[in-house]
Amino acid sequence: MSELRPESIAALTDAVATASAERLPLEISGAGTKRGMGRPVEATHRLSLSALRGIMLYEPEELVISAHAGTTLIEIEQSLAQKGQQLAFEPPDWARLLGTAPGTQTIGGIVAANLAGPRRLTAGAARDHLLGFQAVSGRGELFKAGGRVVKNVTGFDLSKLLAGSFGTLAVMSEVTLKVLPRPERTATLLLLDQDAATAAGSMAAALGSSNEVSGAAWLPALLAQRVGVGEGAAVTALRFEGLDASVDFRLDALMGLIGGAASRLDGARSDDFWCRVRDAEPFGADPSRDVWRVSVAPLDGARLVAALPEAEAYLDWAGGLVWLALPAAPDGNSARIRQAKGPSGHATLVRAAADVRARVAVFEPEPAPLAALSRRVKASFDPLGILNPGRMVEGV
Amino acid sequence: MKMPTPDAAIVARRREIAAHLRTLLKPESVIDHEDERRVYESDGLTAYRQPPLIAVLPGSTAEVSAVMAYCQQEGIKIVPRGAGTSLSGGALPLADAITLGLGKLNRVIEVDLPNRAVTVQPGVTNLGITRAVEHAGFYYAPDPSSQIACTIGGNIAENSGGVHCLKYGLTTNNVLGLEFVLMNGDVLRIGGKHLDSGGYDLLGVLTGSEGLLGVVTEVTVRVLAKPAHLKAMMIGFPTSESAGDCVARIIAGGIIPAGMEMMDRPAIHAAEAFVRVGYPLDVEALLIVELDGPECEIDAYMARIEAIAGDCGAVSCRVSTTEAERLGFWAGRKAAFPAVGRISPDYLCMDGTIPRRRLSEVLARMEVLSQQYGLRVANVFHAGDGNLHPLILYDANQPGELDRCERFGADILRLCVEVGGVLTGEHGVGVEKRDLMPVMFNEQDLDHQMRLKCAFDPDHLLNPGKVFPQLRRCAELGHLHVHHGELAFPDLPRF
């Protein structure tokens, strides 16, 4: 596969325009850390954004940052940290899970995959923080949408559409993101020895209280042990962030509300734990297991765990996100998981062998009228189907 | 403001179309009598009036679908309408279009507190959602000032904000699922009670699409637990510059208040004269800052904010000691529009957003424009997120004054874009800012937006004349420009 690495917006535009004119399908990549996610792309050429990098504008007091799509997340996070700020959606690094290089992923890749970590629960995902972008559509035309201010409803919100489109609509060259202050302090309350259903109740009680929990996860004993917490017991983890006095007050108040055996993690230990939850570290790099990420109504999470006793499973997003690992199967365990999940919610195959991902629906299949609409949306940006063909849905 | 030329052939068919609609809906749900149609002639942007061809009030998703499928087949345009509170003319009728009122779809379908999700029909008011869950200590966070009247369906269409969206997000950040009807009558469901779905984020793009892509018939939103405590502080400044500086330093200091609003001198005086809540009258700018959370957190942040305000030259600072006092602080701000309505026969409310650090410059240049146009302006401002609401005072009965006011408003919005901001922060483009879209977007930008419209509504039958200055036919938008043989970078390695 030949690779093109444009070093300017003009060269990027020209590359896509040429591919469009010559009907040549392109695989779009940043650092390539998420190539193992989604369906394998059938393209003879790769278009890499890795040379389009650098922060273009960062205004801490305006809460915005703009960067070229190929800028590494690490570079952005370091700049933000210097001003006491962060990307509040807690972008995960799944490089280890997917067998690629940790610490190299780009901001464009994170937005294109609409990633989010445990704070999705309260702060939203990449989609909620993307204020604007510039991109080249499959027509080879450079266009922009959104803006550089945190509040904007001018025109269609194409930022939402581009976030999570896996490079199938347009090749993003620049992104503008909302940033927020880093909390001064973090602590995590670990409720010990709860089963999934009890944990779901505890997490619902926590979110239903005024104690502002910014992370709510449950790990069974085995997985808790793999990330070094719980001392042999299952953990229900509730995170508190903010001012010193407020963190202590809310943690104690919630402990009073729920009760039972508990311990706590403070500061760096708390941050370390949530990074491991975020990066699916309990499932590690073991490629012999298929890994799924299932988004459901919060209380349905524990039910799904109970329905799949053979799976290794843990809950994030107060039960609304179920991480599952099962021994590799020819269909990637797709039938089993989608049957157990039922009609609502959304199951995504995050890790499986390439031939499996080519065969099964990696994203939740859409009902016919919705699938037809999605195809029309794709065609409106990329009428010839040259951008990441087949990446999300076979034949699209 | 030029609206698309009405199709005389459709207008001539009014009686026949109404008769057919009466076979699809209950007869009383079809409004074609001239006097009754007039009820729908305007929305919150009262400068424009136009009775619809016919108004219909469907009572179910199936009825919405039937009306839309019929209109698609007959080539009849549709203008969706919630409570008609749009400030940008989003629900302004067309002489040859059916106004589709969603007001009868006003039921709360399900309150699911363990999952923190509420499902309602689109005609439920914004405040109605909070009313359905407040007994259990929950609320729906986005709170546009019109929340007592505006509907959630309209909020979805406009991606409405409110004073608390700095901390809790706009409508788009609080919607979980939708049922909507395409122009061809197809009923689609997206999202649900879960957070992220894979696939294209049609939920995100429907939200804020100003009724151009589909008609929403059911909405699932997330609700939040009410904060333990709320307190507000009211800080007076000798200049708008010092107030703006204070806002920037609060945010740079790592504090995101639940709400942070600013008013200028004319707005303070109008509001105080109207609601008499004790606003200081000897200041140039007033900042209202609201904090929520445990009391220890509120008090700690307030101490920090008071210190910052002092450094910025604040001349007064009051903290609410009771809930009644807190609501009093807000009463003036929330009543700013009607208060200004009392001191002027008419006003036009603008809605640009700017980078906050450009505030004093923008206010100064607005003052110059105010002199130039001979029209007064009062400013209320969502200071935390840079969303300006200049209220231009005018008298529609004075010949030429509306026109002058609109030109002044357009100049303000051009100024917002020039300093790095946008045309509209929360009110939508509608008809009001439609012709200014090219100030912010070039032709290629707009074409990509319009092509998305074509994927949903290829015949441009849904709410035409809004958002886009010129609607180009979908067939024309679909043409591919040939780049082959005229490449800009002949030296670039070829594939």
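No experiment lies behind these values; they were computed from the predicted model shown. Note on naming: letters A, B, ... go to the chains in the order of the sequence lines (proteins, then strands), and numbering restarts at 1 for each one.
- With a 4.5 Å cut-off on side-chain heavy atoms, B:Q449 and B:L452 do not count as touching.
- Only the side chain of B:L170 comes within contact range of chain A, with at least one heavy atom under 4.5 Å from a heavy atom of that chain.
- For A:E59, the part lying near chain B is the side chain, with the backbone staying farther off; criterion is any non-hydrogen pair under 4.5 Å.
- Aromatic pair B:F468/B:F441: ring centres not closer than 6.0 Å.
- Looking at heavy atoms from C-beta onward, A:V150 lies in side-chain contact with A:L131 at the 4.5 angstrom threshold.
- With a threshold of 4.5 angstrom between heavy atoms, A:S209 approaches chain B through N, CA, C or O but not through any side-chain atom.
- At a 4.5 Å heavy-atom cutoff, B:K466 makes no contact with chain A through either its backbone or its side chain.
- The aromatic ring centroids of A:F166 and B:Y200 lie 6.0 Å or more from each other.
- Ring geometry for B:H389 against B:H427 counts as parallel: the plane angle stays under 30°, on a 0 to 90° scale with 60° as the upper cut.
- Contacts between B:R304 and chain A at a heavy-atom distance below 4.5 Å involve the side chain alone, from C-beta outward.
- Looking at A:F143, both its backbone and its side chain come within 4.5 Å of chain B, counting heavy atoms on both sides.
- Atoms CG and CG, on B:D385 and B:N387 in that order, are 6.0 Å from each other to the nearest 0.5 Å.
- In this structure, chain B has no heavy atom under 4.5 Å from any part of A:E364.
- Ring geometry, B:F180 versus B:F456: the interplanar angle falls from 30° to 60°, so the pair is classed tilted.
- At a 4.5 Å heavy-atom cutoff, the contact between B:D186 and chain A is made by side-chain atoms alone.
- Contact annotation for B:H229: neither backbone nor side-chain heavy atoms come within less than 4.5 Å of a heavy atom of chain A.
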